[in-house]
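Values below: every heavy atom of this structure, side chains too, minus hydrogens, waters and symmetry copies.
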Amino acid sequence: MDIKTPLAITEAVATVIAELLREQRKTSLQLSEDAGIPRATLSRRLNHYSPFTTDELERIGRVLNTPVSVIIARAEGITRAVNEGISA
């Protein structure tokens with residue numbers, strides 16, 4: 001039996017940030033340096049081991065020229081789409 005778990009918003013936020021990096025052709029190393037977030041910390045966040053803090057999201061938003069509200073809205077859209085697919 002295949003049991004699917006709902007996608008958490010924190011995982012979707014990491015997914016959106018990874019998408020933004022791809023869209024802007026930036027690496028996680030560049031983001032780490034430009035946002036002042038240690039590389040290991042950023043890696044843990046992007047790989048869903050721990051959630052981003054609001055301070056980190058603000059810094060990432062500035063570096064990627066994307067308001068935090070847009071990051072969250074995109075993440076909510078992903079979460080909704082995935083979770084609706086699970087319940088269908």
Donor + acceptor pair across side chains of Ser28, Arg39 (<3.5 Å): no
- prompt: Would you say Glu56's side chain and Thr53's backbone share a donor-acceptor pair under 3.5 angstrom?
  reply: yes
query: Can you check whether Gly36's main-chain N or O pairs, donor with acceptor, with Arg59's side chain at less than 3.5 Å?
result: yes
- prompt: Is any side-chain heavy atom of Arg45 less than 4.5 Å from a side-chain heavy atom of Ser50?
  reply: yes
Residue pair Phe52 / Thr10, side-chain heavy-atom distance below 4.5 Å: no
message: Working note: Ile17 + Leu42, criterion side chain to side chain contact (heavy atoms under 4.5 Å, CB included); need CA distance, chi angles, decisive distance, verdict.
response: CA-CA 11 Å; Ile17 292 169; Leu42 184 59; 5.5 Å; no
Kindly list each side-chain donor-acceptor pair under 3.5 angstrom involving residues 61-69, sequence neighbours excluded, with atom names and distances?
| unit_1 | atom_1 | unit_2 | atom_2 | d |
| --- | --- | --- | --- | --- |
| Thr66 | OG1 | Leu64 | O | 2.9 |

- request: In plain terms, say whether Arg74 and Glu19 are close enough for a salt bridge, that is, a side-chain N and a carboxylate O under 4.0 Å apart.
  value: yes
task: Verify side chain to side chain contact (heavy atoms under 4.5 Å, CB included) between Ile78 and Thr15, making sure each step is shown before the conclusion.
output: CA-CA 9 Å; Ile78 291 169; Thr15 299; 4.2 Å; yes
- prompt: Looking at CD1 of Ile71 and CD of Glu58, how far apart are the two atoms once the value is rounded to the nearest 0.5 Å?
  reply: 10.5 Å
- line: Rounded to the nearest 0.5 Å, the CG atom of Asp34 sits from the CD1 atom of Ile60 at a distance of 11.0 Å
Can you name the closest pair of heavy atoms from [X] and [Y] and give their distance?
X     : Y     : result
Ile72 : Ile9  : O-CD1, 4.5 Å
Pro38 : Ser32 : C-OG, 3.6 Å
Val16 : Ala75 : CG2-N, 3.5 Å

field: Which residues share a side-chain contact (heavy atoms from CB on, under 4.5 Å) with Thr27, sequence neighbours left out
entry: Leu29, Gln30
